[in-house]
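Taking it in order: structure first as structure tokens, then the write-up.
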Amino acid sequence: MNILVCISKAPDTTSKIAFTNGNTQFDENGVQYIVNPYDEWYALVRALELKEAQGGNVTIITVGTASDDAVIRKALAIGADDAIRIDALATDAYFVAMQIAEYAKGKGFDLILTGKETIDYNGSQVAGMIAEALELPYISIATKLDVAGSTISCEREIVGGMQEVEVQAPAVISCAKGMAEQRIPNMRGIMAARTKPLNVVAPAALEALTTFSTYSMPAAKSSVKLIDPNNLDELVALLHNEAKVI
Amino acid sequence: MNLVYINSANGLSKAALETVTYAKKLGADVAVVTNGNAAAELLATLGAYGASTVLQDAGVDGQDPSQLVKLVAAAAAKVGASTIIFSHDLIGKAVAPRLSVRLKAGLVAGAVALPEADGSTKVNVFSGKAFGYVKVNSAVRIISLLPNSIQPEQTGGNCSTEAFDSQAGSSAISVKATKKPEGAIPLPEAELVVSAGRGLKGPENWGMVEDLAAALGAATACSRPVADIGWRPHHEHVGQTGVAIRPNLYIAAGISGAIQHLAGVNGSKVIVVINTDAEAPFFKAADYGIVGDAFEVLPRFTEAVKRFRAAQH
Ligand SMILES: Cc1cc2nc3c(=O)[nH]c(=O)nc-3n(C[C@H](O)[C@H](O)[C@H](O)COP(=O)(O)OP(=O)(O)OC[C@H]3O[C@@H](n4cnc5c(N)ncnc54)[C@H](O)[C@@H]3O)c2cc1C
């Protein structure tokens, strides 16, 4: 089974979020990048488990510049066999998805996996876009993934519950919690990652469909109003009369 | 013309009414496209929220995004849609990106407000730690609206329902089983949420949380470690790597308020924090705080809510 796992870099969850250039650009000063947790913990680890059980190959792919190679090496250290970097700035989800679809076209991947969203732009867009571009079925926000022959079975989230579904390979799947457990790379993995193939591919000629014009920060919260733990009637009255939420 | 996709298979959800209201507020006429076989009288009630026509394809069951994308694209062509609206719920997240590629139309994913004067639309970025303003560079735009961002509004009006054969083909996804907990309120749509963390010490103590949620009519949620250890199901995990929610009221008991937790809940209108530790970081993000033991405060809170509800009637 050949599996393509799409990975994205994302700022570490404790990063200070700030903007520069008149609030038009994310301020990368001092920001540490990690592999987007959904891509790493669920999509990549489940791909590796499937490969370990059934054989095959796990390729990771990202759209980014040379500065993203450290993040790629981390994903290789966890166990991916090889990596593709499409050498372009990731300008929007459409641009990223279409680059990946262009690359994947005709290469015979049985599964294309992504995380359910990135923790920076949170759009949940790339997987669905790849599926449409390649005319493949798409199971979104899957919490379980199994493969038997060409049948892919998943559990996916639906509004207010869960659903067990099946689809025939090839397919695109976005992965969420429940599918696998995070793996910490060991020393051997980290050493091996240094020599695993990382192929840099020139981007296809494509335009983004969207741009971020500006950014802003939420208004600061006013300070907390403390309530006597023995007077919950007061809290309920405040929630009703002052906050007007009950 | 603005086109709204709604799933009406299980009745009209609040999220559906929000999207129709949003489309109406954008100006221009509103057409709705839906799958499933909801009664015409039910769909006609969308007129009150601003829809003028509803196109209904009863032949599409709504399980396969590759079918739904054909349905919405066919409806967009029929009505000449310039803006297409989805809810940014589990269906919208699956279908809107496909439609973006199919129509080569830019997608604003997870809008939290109506577009600004310059045409850009506000979305949450960095898991709610900041906002971004998205500009669409294509003639047709797609917007998926984050649930609970605007309130449904009745403006009065009538609408007609029309059977619509979208030629969407067959479903590639076969459904083996569906599990929907009875009576539970879906977390992303809930207006009131009661959440608890490791401070509750064990799954056997969640009765207090459920009692308060039941008294309020709230959904329940939890912090990540609680879902990781298996005290609560994964779909209740909120935060940067869980569900992001923006209810009117978020009550957090025994949760420290780590940055990754706050990222998923800081869009809440009002936050109440219950924690034994007066220094817990969550108090900085709270509107109301109780420094106290959740084991004592939660049952008292439930009783106070019951007294209040009884007095209301
Ligand atoms: C990459 C990454 C992603 C993450 N994503 C998420 C996420 O999406 N969501 C998330 O929640 N976390 C996430 N975390 C974890 C996060 O950093 C915290 O560890 C977690 O939120 C802590 O959970 P908690 O508050 O339940 O537990 P604790 O931090 O252990 O806090 C328990 C709290 O309960 C209080 N307490 C104890 N006893 C009582 C009592 N009797 N009554 C009242 N209060 C009491 C304590 O004072 C304490 O404040 C992530 C971490 C990382 C590194």
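So that the names make sense, note that chain A is the first sequence line, chain B the second, and so on, each numbered from 1.
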Short N-O contact, A/Lys9 and A/Asp120, less than 4.0 angstrom:
no
Would you call A/Glu49 and A/Arg46 a salt bridge, taking side-chain N to carboxylate O under 4.0 Å as the test?
yes
Using heavy-atom distances under 4.5 Å, tell me whether B/Val305 contacts chain A through its side chain, its backbone, both, or neither.
both
Greatest number of heavy atom pairs closer than 4.5 Å to chain B - which of A/Ile227, A/Val167, A/Ile246
A/Ile227
Check salt bridge (Lys or Arg N to Asp or Glu O under 4.0 Å) between B/Arg98 and all other residues, then give those that pass, not counting sequence neighbours.
A/Glu132
Is it the case that the side chain of A/Asp146 and the backbone of A/Ser153 share a donor-acceptor pair, with hydrogens and angles ignored and the cut-off at 3.5 Å?
no
B/Lys14/B/Glu191 ion pair, N-O < 4.0 Å
yes
Close contacts, residues 212-222 of chain A versus chain B, judged by heavy atoms under 4.5 Å:
A/Phe212, A/Ser213, A/Thr214, A/Tyr215, A/Ser216, A/Met217, A/Pro218, A/Lys221, A/Ser222
Of the backbone (N, CA, C, O) and the side chain (C-beta and beyond), which part of B/Arg307 lies under 4.5 Å from a heavy atom of chain A, both, or neither?
side chain
Is the closest side-chain donor-acceptor distance between A/Thr151 and A/Gln168 under 3.5 Å?
yes
Aromatic B/Tyr133 / basic B/Lys122 pairing, under 6.0 angstrom, 45° off normal
no
Name the option with the most non-hydrogen atom pairs under 4.5 Å to chain B; the candidates are A/Glu155, A/Met162, A/Glu117.
A/Met162
With only heavy atoms counted, which part of B/Ile259 is less than 4.5 Å from chain A, the side chain, the backbone, both or neither?
side chain
With the threshold set at 4.0 Å, does a side-chain nitrogen-carboxylate oxygen contact exist between A/Glu40 and A/Lys74?
yes
Region of B/Ser120 in contact with chain A, defined by heavy-atom distances below 4.5 Å:
side chain
For B/Val272, is it the side chain, the backbone, both or neither that has a heavy atom under 4.5 Å from a heavy atom of chain A?
side chain
Heavy atoms only, distances under 4.5 angstrom: which of A/Val165, A/Asp228, A/Thr210 has the most pairs with chain B? Name it, please.
A/Thr210
Of all the residues in residues 278-289 of chain B, which have a heavy atom that comes within less than 4.5 Å of a heavy atom in chain A?
B/Phe283, B/Lys284, B/Ala285, B/Ala286, B/Asp287, B/Tyr288, B/Gly289
When you measure from the side chain of B/Ser144 to the backbone of B/Gly110, do you find a donor-acceptor pair of N or O atoms at a distance under 3.5 Å?
yes
Side chain, backbone, both or neither: which part of A/Pro37 has a non-hydrogen atom closer than 4.5 Å to chain B?
side chain
Between B/Gln63 and chain A, with a heavy-atom cut-off of 4.5 Å, which part of the residue counts as in contact: side chain, backbone, both or neither?
both
Is it the side chain or the backbone of A/Ile141 that comes within 4.5 Å of chain B heavy atoms, both, or neither?
side chain
Can A/Glu242 and A/Lys225 be counted as an ion pair, charged N to O under 4.0 angstrom?
yes
With a 4.5 angstrom heavy-atom cut-off, is it the side chain or the backbone of B/Ile274 that approaches chain A, or both, or neither?
neither
Which region of A/Asn230, side chain (C-beta onward) or backbone (N, CA, C, O), has a non-hydrogen atom less than 4.5 Å from a non-hydrogen atom of chain B, or is it both or neither?
both
Any donor and acceptor pair, going by atom type alone, linking the side chain of B/Asp89 with main-chain N or O of B/Ala15 inside 3.5 Å?
no
Is chain A contacted by the side chain of B/Ile173, its backbone, both, or neither, given a heavy-atom distance below 4.5 Å?
both
Which answer fits A/Tyr138, side chain, backbone, both or neither, if we ask what part of it has an atom under 4.5 Å from a heavy atom of chain B?
both
Only distances under 3.5 Å count here; give the side-chain donor-acceptor pairs of residues 101-109 of chain A to other protein atoms, sequence neighbours excluded, each with its distance to 0.1 Å.
unit_1	atom_1	unit_2	atom_2	d
A/Glu102	OE2	A/Lys105	NZ	3.2
A/Lys107	NZ	A/Tyr103	O	2.6

Can you tell which of A/Gly161, A/Ala208, A/Ala171, A/Ala93 has the highest number of heavy-atom pairs within less than 4.5 Å of chain B?
A/Gly161
Quick one: does any side-chain atom of B/Asn248 pair with a main-chain N or O of A/Val245 as donor and acceptor, under 3.5 Å?
no
A/Val236 versus chain B, the contacting section by heavy-atom distance below 4.5 Å
side chain
Look at the side chain of B/Ser138 and the backbone N and O of B/Gly106, then say whether any donor-acceptor pair between them is shorter than 3.5 Å.
yes
Contact part of A/Leu235 toward chain B, heavy-atom cut-off under 4.5 Å: side chain, backbone, both or neither?
side chain
Chain A contact via B/Val95 - side chain, backbone, both or neither, heavy atoms under 4.5 Å
neither
Is A/Leu238 close to chain B through its backbone or its side chain, or both, or neither, when contacts mean heavy atoms under 4.5 Å?
both
